[in-house]
Amino acid sequence: MGDYSSEVISNIDRDYIAGFLDTGKRIDGRAFNECRNTEIELDVVAAKAEGSALVRLGDTAVIAGVKVLLGEPYGDSPDKGVMMVTAELPPLASPLFELGPPKEPAIELARVVDRGVRESEMIDTAKLCIEPGKKVYMVFADVYPLDYDGNLIDASSLAVAAALQTAKFDEYKWEDGNAVPTGKKLDLPIQNSAVEVTVSRIGRHLVIDPSLKEEMVQDCRLTIAVDKDDKLRAMQKGGGSGPLTLDEIETSMTMAVDRAQDLHKLIKETIKARKKK
Amino acid sequence: MGDYSSEVISNIDRDYIAGFLDTGKRIDGRAFNECRNTEIELDVVAAKAEGSALVRLGDTAVIAGVKVLLGEPYGDSPDKGVMMVTAELPPLASPLFELGPPKEPAIELARVVDRGVRESEMIDTAKLCIEPGKKVYMVFADVYPLDYDGNLIDASSLAVAAALQTAKFDEYKWEDGNAVPTGKKLDLPIQNSAVEVTVSRIGRHLVIDPSLKEEMVQDCRLTIAVDKDDKLRAMQKGGGSGPLTLDEIETSMTMAVDRAQDLHKLIKETIKARKKK
Amino acid sequence: MGDYSSEVISNIDRDYIAGFLDTGKRIDGRAFNECRNTEIELDVVAAKAEGSALVRLGDTAVIAGVKVLLGEPYGDSPDKGVMMVTAELPPLASPLFELGPPKEPAIELARVVDRGVRESEMIDTAKLCIEPGKKVYMVFADVYPLDYDGNLIDASSLAVAAALQTAKFDEYKWEDGNAVPTGKKLDLPIQNSAVEVTVSRIGRHLVIDPSLKEEMVQDCRLTIAVDKDDKLRAMQKGGGSGPLTLDEIETSMTMAVDRAQDLHKLIKETIKARKKK
Amino acid sequence: MSPETKPSFLINPEGLRIDGRRTDEIRPIELKVGVIKQADGSASIRQGKTYILAAVYGPRELHPRHLTINDRAYLRCVYRMATFSVPDRKRPAPSRREREISMVIANALKPALFLEDYPRAVVDVFIQVIQADGGTRCAAINAASLALADAGIPMKTLVPAVAVGKAEGKLLVDLGDEEDKYGGGDVPMAMLGTTGEITLLQQDGSFAKEELVEAMGMGVTAMKYILELQKEALKRAYAKKVAIEGEDVDEYEDDLETDLGEAEIAGEEDE
Amino acid sequence: MSPETKPSFLINPEGLRIDGRRTDEIRPIELKVGVIKQADGSASIRQGKTYILAAVYGPRELHPRHLTINDRAYLRCVYRMATFSVPDRKRPAPSRREREISMVIANALKPALFLEDYPRAVVDVFIQVIQADGGTRCAAINAASLALADAGIPMKTLVPAVAVGKAEGKLLVDLGDEEDKYGGGDVPMAMLGTTGEITLLQQDGSFAKEELVEAMGMGVTAMKYILELQKEALKRAYAKKVAIEGEDVDEYEDDLETDLGEAEIAGEEDE
Amino acid sequence: MSPETKPSFLINPEGLRIDGRRTDEIRPIELKVGVIKQADGSASIRQGKTYILAAVYGPRELHPRHLTINDRAYLRCVYRMATFSVPDRKRPAPSRREREISMVIANALKPALFLEDYPRAVVDVFIQVIQADGGTRCAAINAASLALADAGIPMKTLVPAVAVGKAEGKLLVDLGDEEDKYGGGDVPMAMLGTTGEITLLQQDGSFAKEELVEAMGMGVTAMKYILELQKEALKRAYAKKVAIEGEDVDEYEDDLETDLGEAEIAGEEDE
């Protein structure tokens, strides 16, 4: 997540990659605004999770699983369900990830992906209420990176969106003070979709969908959540403390909106293809 | 809290301060039974806390904030509310405080201040019950030292007493199995007041209200909670393992009772001045 | 628990003990299938615990205490009570035990003893229900080693069995949505008994009830829970990674079944002797 | 713990906000420097009802050692809210939100510092929110920036910060609590005082691209103003110190300019 | 989170199991080697609906240092279940069960390794259960064993594993989820591929001694079959690699045999 | 977990307490030395129904190292209650109460020890409350003091401890559980056996100053008696040891006196 750079990358690597960019090229041959091959595989945890998706972004792989539980609503929103994104950075996925409780990069990943879902109002939590003040559906979208070659946020955001939009869960109704299953399966109340797109600044160049090597030398990244109507729903500057000019921010927004259109299309087609099966 | 001495203070400092005391003087010029300038500022968190007070004891500053929440009573006292004091030692307030979960000095601070409030029966917890066995008011008095120049206990105890005695909170009543707000504001059911006074033993001298430098060389301290009727409500020997003779304990008690009368007066006047505003 | 070996025991000790075994002898003079002196003392925490037993296995001493609380049933078994074994390895009991939260050896001890109780269905949890879905009895059997000279599992398993089988607790009944005490005392619904027996492999020798020194040089241990009808109810290979042949496993089973018969008798007689008192 | 109610409007018919401000008007800001005696540097900020203290310790030895960075100081920011600073009592343990904000604050401040002057050391910035009434991460940066200067940490520039946002279709500067909660978007920003480059940028809500660009422009204007307030607070603090020491105030002012000027140059070389 | 229901039978009148298998039949197993690019070695296993990934890192420097072992590498196994891998959501923090299983897996694998080749280092085996449908600890060992080989860690042998058990009086091989939950016993086992010695053995349920001995025998037969599957998976992976590099596949096969042969001899000396 | 009920009186009309004691009478105390074989020193105490074990390990190397004190040994006291030692089940994790009590016990014992004899080492005092029926911190000190002596840690003196208190207007010595819970005050104390100086002092309840002074006086009398019990327990233990070794018991007694005498002198120089 760009926070590992000092440990691993020398100034030589930095100069090499930045110098390459000065000549208009990225080290893996992509154009500055070109993303890596992007794939969504649905229902990879079909037997246990209510929804699931595996996303590959080049060699980066992330799985998101959705669980729908019953729980009590929060005191300040008694008639709304709960939606939450969590993330771990399991040491299985990279030599850079460590054992132990989630550290800042895992927390940021979860919170940024969560913000994309929440701020786009992807799920209508008002429809996740079984009995006001008593029982609501709690939707957990949990993210597990499996192979980390850069840009976990975008891969995770896409996996979460796909998993949420294809989840099926058991309906419950309120009877005599208890939630009882009706035997019916429901879709989540999806009312929007948002995907996150990350642009890295390396030197004064902006590149989309940074690979691990690029993340390691980046000055910072800007992640932008874009919804179906091209509205910006969340932003996060992170991945280093390098500052951005207003122009760089505006350019990044434009790159993100373009990429988001492709990703929304990819989600739609993937879901359509699944229905045919 | 006198537990930092070995790390910071050399024997030379110790000899210097103790030698000064042998000549009847304290390093900041105070008499042995003289306290530092003591100020209470009320309502420093007026917009969010139910009660709050900032206490300055010389250069020591502590803030106490009171929150009143709804909760379930403890199983062994179903018709009583809950009162609890907590404390942190935030690294903001001193180079001696460390990051991380509360360690022994923070725990002792909270427990000693708590004991003063609890044992003096300052708050009538029987009046904090909304519905027996179901719902009670839970009163949290949380202490944050802001600047640590010695004697946190006394400053915290005073801040907590002042915050509790000026707190206002929303009344709830029990209706159809739910606690509902009545729109009225209540005072806490105050039935006594207690303040804590700390005396340090340095060599064979007893000094009241130790400054940080004095704490660092003290053999031990004795903290005594005194209520409005000069009754002793709690004691704690701490701040080092130096033993005390019975005479020293008795002298400390006398010093504490005298000081407590001043502090009770200060609380009273501060509250009176506030009402006039 | 055999996991401390590398820290303490040299190869010389290992060779010495193993060489002794080659000549058919154990260092403390026991036969390979001979256990240390085994004693059960009941009701050592009579005033506070619902049941308790102290077991001595040679110089190893373990105390188990049983608490019976009220609680809510698990969602997937609303009409069953809860039974749980926990264990600590308090540093009081051995220079090998460390301060801090339970580590793997403590977790394994608790889980292996728990499995013996659970898998033998020693307690009929269906009879621990007060009101389905609302309130059940929760039985905690907590294990504290007091002196660790090897083979904690067997000592703990025996102490837990004895404590559970002699526990008395307050009966509650369900009235108007609350659990109220009836004033009557109940026995736990005991329907079986199981004890665990551990066999160590050292070199190619199998010895029962290993002492600390034997544990420290063992290749591995096999623990087997045997019930009153000589049925095997749980096994755990642990205490090192040395492999076992099928023959060794079968021999260990035979040794365990024999020993278990003695232990079942000991429990029975101890309880009988107590009733006479 | 009062039950909160959503206000019936956030912008009144006259175009004024719930606390009477114009859409581009920031709340009253009171900045004080040197408020914690035990700290190497400190500052407090009252921005509306938001009240925050910041203390700086260091450069000093870093524990635990494995966090040490060989070629520069480690800037450790810790943003914490008092339990009583919010309507419900916050749990005492650091939340994931607090940990994320600590991280973005560190990122916001770092480009303003010459951390390479103190290899292997730590500069600690401890932030305590006493009362939270909107815009705490930006207010915290405003105060932390002053505390760093007060501690004498070599700086290229001060770092002003502000949150812009939206309510009922109008772009707003320096969101208050209700505007943050019930409005349509929140964009906390921080910038380098000298170059205007952005060092903190987050967003929630819903904005068209052009709208967000416009909002950020308003933010930059507000931050320029806040930068002046920061400079004044520093001068006041220094004047006081100097007055006590019996020296001339103006001299310091010159020094400050010079220092920041040098910093800029060094900064440019460095970026 | 569907409410689960106990099936009305686990063995049907024809003697077949709930998923149509014979009592001594293992579930379909799909083994893949080299599935995680960032890892030094990796493998995945699908065994019925159980789906697990294993990654190996190392030998590498060990942190924290106090865990270092002077005369061999530390084999650190970490078995973790994804929150969504089970019917109810698993809490993210490692459970006591996960910690115990991590320990028994380490014990199961250790005798197959030449850890003394890498004193003071660590070999990390990270196991992630993606979907748990019975037999996860055994499936994990099957995959971890391949991941270790893929990482080039010197091995005496591969380690196949399987759970045997009982339902409605019949002994069963490779229990599925319902058979584990509603059956009468579960006996997870692992063995050294070369010697057949048992490196993992646990049991629950209720067995007469003779019955358990018989069940273990069935387990050994199944593990021999699984060992062949593991070898094939390795060959496939190597073939692919070699094909890419343009070399001959058979050569590797010889090498593997030789390596394992040597390992056996060394292993015997060593035990 | 029986529902507790407050007794109808704590002092009966004859002036006797709920368990038949006079107001100045301590509960029966049984002290045993050398009860834990693995420990360097150990002791148990039964005081009424309170039952506690104490074990001492050390002086030994201290981990973690950063706790090391250069000019003396670190006395680490850990007071822990068994989950089943109290009416409700205590949670297994150390409570804030346990941590505070550990600290005051360390302070109570330290002045009796020559910790400067073992710079950089640790002396561990582990205390396990098996059954808590009032006065556990004082009983723990009584036992810990013996365990330290049993471990051969150089001591200036033994440390007896007792809680005094008040119920229904009467001052009481050695409070039992109900007297602590339903009485009007609790004053745990410990003192140096040789000088009578107070090393532990806490109080709750409500006392006039004079009343508290009187109560402390009663405590000192009781502690003098407990000190004799401690000495006898040590002698018994030594006698047993010596008898086993075939030596003369009286000799030890002389040695003990001499040792404690020397300790006193050293102690005075030292304080």
Side-chain angles (χ1 to χ4, degrees), chain A residues 1-3 6-7 11 74-76 84 86-87 102-112 114-116 118-121 192 194 201 203-204 219-220 222-227 229-250 252-254 256-257, chain D residues 1 3-4 69-72 74-75 87-88 94-113 115 157 159 181 184-192 195-213 215-217 219-220 267 271:
Chain A
M1 310 204 49
D3 304 285
S6 62
E7 306 168 28
N11 282 324
Y74 292 133
D76 57 356
M84 187 185 292
T86 78
K103 297 193 188 62
E104 271 60 15
I107 291 172
E108 191 195 22
L109 173 60
R111 285 181 58 83
V112 171
D114 187 283
R115 220 173 284 149
R118 192 177 301 279
E119 295 298 324
S120 68
E121 297 171 297
N192 195 356
R201 173 164 86 72
R204 282 295 153 191
D219 294 285
C220 71
L222 184 64
T223 297
I224 302 166
V226 185
D227 75 4
D229 304 318
D230 293 350
K231 285 280 192 306
L232 311 192
R233 292 306 200 129
M235 286 198 301
Q236 175 87 346
K237 181 182 172 302
S241 61
L244 289 171
T245 64
L246 288 178
D247 279 352
E248 285 164 346
I249 294 168
E250 203 175 334
S252 301
M253 288 176 183
T254 308
V257 170
Chain D
M1 204 215 40
E4 289 190 36
I69 309 170
N70 276 320
D71 60 357
R72 61 184 188 280
Y74 173 43
L75 180 70
D88 282 325
S95 66
R96 299 182 345 148
R97 179 183 169 275
E98 287 171 300
R99 292 173 65 185
E100 189 207 337
I101 291 182
S102 296
M103 195 168 84
V104 297
I105 290 177
N107 279 341
L109 295 170
K110 255 185 230 168
L113 304 176
L115 292 171
T157 173
V159 181
K181 266 186 199 132
D186 179 24
V187 188
M189 305 172 70
M191 72 178 200
L192 299 178
T195 67
E197 285 174 296
I198 303 303
T199 63
L200 170 81
L201 181 60
Q202 297 182 292
Q203 177 235 327
D204 62 30
S206 177
F207 291 84
K209 198 194 109 183
E210 297 67 30
E211 200 179 21
L212 194 44
V213 169
M216 289 192 295
V220 168
E271 282 305 304

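Reminder, nothing fancy here: chain letters follow the sequence lines and each chain counts from 1. On a predicted model such as this, the values are computed, not experimentally measured, just so you know.
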Review point. With respect to Glu197(D), which candidate in Arg201(A), Lys237(A), Arg204(A) satisfies the salt bridge (charged side-chain N to carboxylate O under 4.0 Å, His left out) definition?
Key: Arg204(A)
Check your understanding: With chain A, which of Gly205(D), Ala208(D), Ala190(D) has the greatest number of heavy-atom pairs at distances under 4.5 Å?
Key -> Gly205(D)
Exercise for review: Return the option, out of Asp186(D), Leu201(D), Val220(D), with the maximum number of heavy-atom pairs under 4.5 Å with chain A.
Suggested key: Leu201(D)
Review point. Is there a side-chain contact between Pro243(A) and Ile198(D), using heavy atoms and a 4.5 Å cut-off?
Key: no
Review point. Measuring heavy-atom distances to chain D, does Thr254(A) have an atom under 4.5 Å in its side chain, in its backbone, in both, or in neither?
Key: both
Practice item. State, yes or no, whether a side-chain contact exists between Leu212(D) and Met253(A) at a heavy-atom distance under 4.5 Å. Key: yes
Exercise for review: Check whether Ile249(A) gets within reach of chain D through its side chain, its backbone, both or neither, counting any heavy atom under 4.5 Å.
Suggested key: side chain
Check your understanding: If you measure only the distance, is there a donor-acceptor pair under 3.5 Å linking the side chains of Glu108(A) and Gln236(A)?
Key -> yes
Check your understanding: When heavy-atom pairs shorter than 4.5 Å are enumerated against chain D, which of Glu104(A), Lys231(A), Glu119(A), Met235(A) gives the highest number?
Key -> Met235(A)
Check your understanding: Between Glu211(D), Glu210(D), Lys110(D), Arg97(D), which shows the greatest number of heavy-atom pairs under 4.5 Å with chain A?
Key -> Arg97(D)
Check your understanding: Considering only heavy atoms from C-beta outward, does the side chain of Leu222(A) approach that of Ile224(A) to under 4.5 Å?
Key -> yes
Check your understanding: Side chain, backbone, both or neither: which part of Leu232(A) has an atom under 4.5 Å from a heavy atom of chain D?
Key -> both
Review point. What part of Arg233(A) gets closer than 4.5 Å to chain D, counting heavy atoms only: side chain, backbone, both or neither?
Key: both
Review point. Of Leu109(D), Val159(D), Ile105(D), which is the lone residue that meets side-chain contact (heavy atoms from CB on, under 4.5 Å) with Thr199(D)?
Key: Val159(D)
